[in-house]
Amino acid sequence: MRADQRPIVIVGGGFSGAMLAARLAERGQAAALIDATGRFGLGVAYATPFDGHLLNVRAARMSAVEGRPDDFVRWLAQAHPGHAHPDAFAPRRLFGLYVQERLAAVESAFPGLIARLHGRVEAIEGTGVVLADGRRLPGRAVVLATGNPPPRTASGDQRILSDPWADGALDAVGPTDDLAVIGSGLTMVDMAVWLEARGWTGRMTALSRRGLSPRPHGPRPDPAAPPGEALTRGPASRRLQAARRAAGEHGWREVMEGLRPMTDRLWRAADLDVRARWVRHLRPWWDVHRHRIAPEVAAQIDALTASGRLSVAAARIGSIETTPDGVVVTFRPKGSAVPRTLVADQLIDCSGPGHDPGRDPLMSPLIAAGRARLDPLRLGLDLDEAGRVLSAGGTPDPALFVLGPPARAAFWETVAVPDIRQRIEAVVAALGA
């Protein structure tokens, strides 16, 4: 096999990896798509079987292909016409089916260019990988599209659900259990609505550093308020003042929509000090305003809160202990020096993805060998504008890329589908496909 015929090896078969493989095949480039779960095209987000888990983006923006904005809505009109409204928030399960069908359609149209491998990658070796069963898969380049890892909490106790997305994890929750939750973001919201649909009638107390929860989308698509120069240039404090003024004039959703198309450029243009201040001071507020939830979901959360079954508190966790009767969480409420105790039947870790490249079994050896380096804020691997991994000396590796959520250190916005599909095009172009 000639070098230019070797496949692009893609590690991770969720949305990012699967849709990259499809775009490469459409360009005539072979790809080997490797996934440890065998659920190609789904990843964690779209593997949910619960139709109450809705997309956080309106259907009109959820095309998997850059340049074909109505692709998902047209698929819905044919396959699930009841959900085909462009301004609606479709079930995530349906989006997963759409991604899987697109992957299958490209495989059929370009036979032999996508090879699916169900297995776990043990190591990256040159321009290929080594699988856990000992197989070596050579390639022309490797793309890490491993998605979001589970939270970092580890426990062998059945009362602590360290990965609520694991198959059958919620089966441990009794119908009247009182629950302690670490984290108050999107995962907490997902668990609350899913548990209620399963017949759970207990109470949930969510603890997070600042006690913030995702804001809802408005009833209609929000027009973008074009950000002025004061919002995109100059000191961070002045930009924040400009954002507050603009929110007062146009509405905060409109301001967020105006920033959305340029977030990655603003992040990459910012110096290290500004990035550090954004992460330290603004990130929690950015997350809850930028990554909003469907109005229908927000209404369910509001109802749980109004009934006293859901409460969210700003607090620092001190300790977590399990007893034969439950879980005891010691925490210190924000603004208080006096610790408090929460006793629950179960604890669910909804603290979010546990990104830690320094401990990742694939990334940490690359760092140790000098083939990769952490970004200065230690958010992830350092990448160039095309997504190529930078070596310890800052040289881009033409045969090693990162795509999707693990690329957040370089681009910040690499979680939502509209952002990932643009990154896919950049990677395809950099690979010369």
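Only heavy atoms go into these numbers, but all of them, side chains included; no hydrogens, no water, no symmetry mates. In this chain, residues are counted from 1 in sequence order.
Under the 4.0 Å criterion applied to side-chain N and carboxylate O atoms, R135 and D133 are assigned as salt-bridge partners. Under the 4.0 Å criterion applied to side-chain N and carboxylate O atoms, R159 and D325 are not assigned as salt-bridge partners. Between R39 and D167 there is a salt bridge, with a side-chain nitrogen of the basic residue lying less than 4.0 Å from a carboxylate oxygen of the acidic one. The existence of a salt bridge linking E257 and R61 is confirmed by a sub-4.0 Å separation between a basic side-chain nitrogen and an acidic carboxylate oxygen. Under 4.0 Å is where a charged nitrogen must lie from a carboxylate oxygen, and between R92 and D190 at least one such pair does. With salt bridges taken as basic N to acidic carboxylate O contacts below 4.0 Å, one links D419 and R290.
Judged by the 6.0 Å and 45° rule, R408 forms no cation-pi pair with W267.
Annotation for R316: atom CZ does not count as buried by contact number, only 12 or fewer foreign heavy atoms lying within 6.0 Å. Taking a 6.0 Å sphere around CZ of R209, one finds it holds 12 or fewer heavy atoms contributed by other residues, nucleotides or ligands. Enclosure of atom CZ in R220 is not indicated, since only 12 or fewer non-hydrogen atoms of other residues, nucleotides or ligands lie within 6.0 angstrom.
A donor-acceptor pair under 3.5 Å is formed between the side chain of T201 and the backbone N or O of P175. At distances below 3.5 Å, not a single donor-acceptor pair connects side-chain atoms of Q346 with backbone N or O atoms of D177.
Using a 4.5 Å cut-off on side-chain heavy atoms (C-beta onward), I301 and S213 make no contact.
Screening L374, D375, L379 for a side chain to side chain contact (heavy atoms under 4.5 Å, CB included) with P357, the sole residue that qualifies is L374.
Under the 30°/60° scheme for interplanar angles, the aromatic rings of H53 and W165 are found to stand perpendicular. Taking the six-membered ring where the residue is Trp, H217 and F89 present tilted rings, their angle falling between 30° and 60°.
Taking the ring centroids of W286 and H291, they lie at or beyond the 6.0 Å cut-off.
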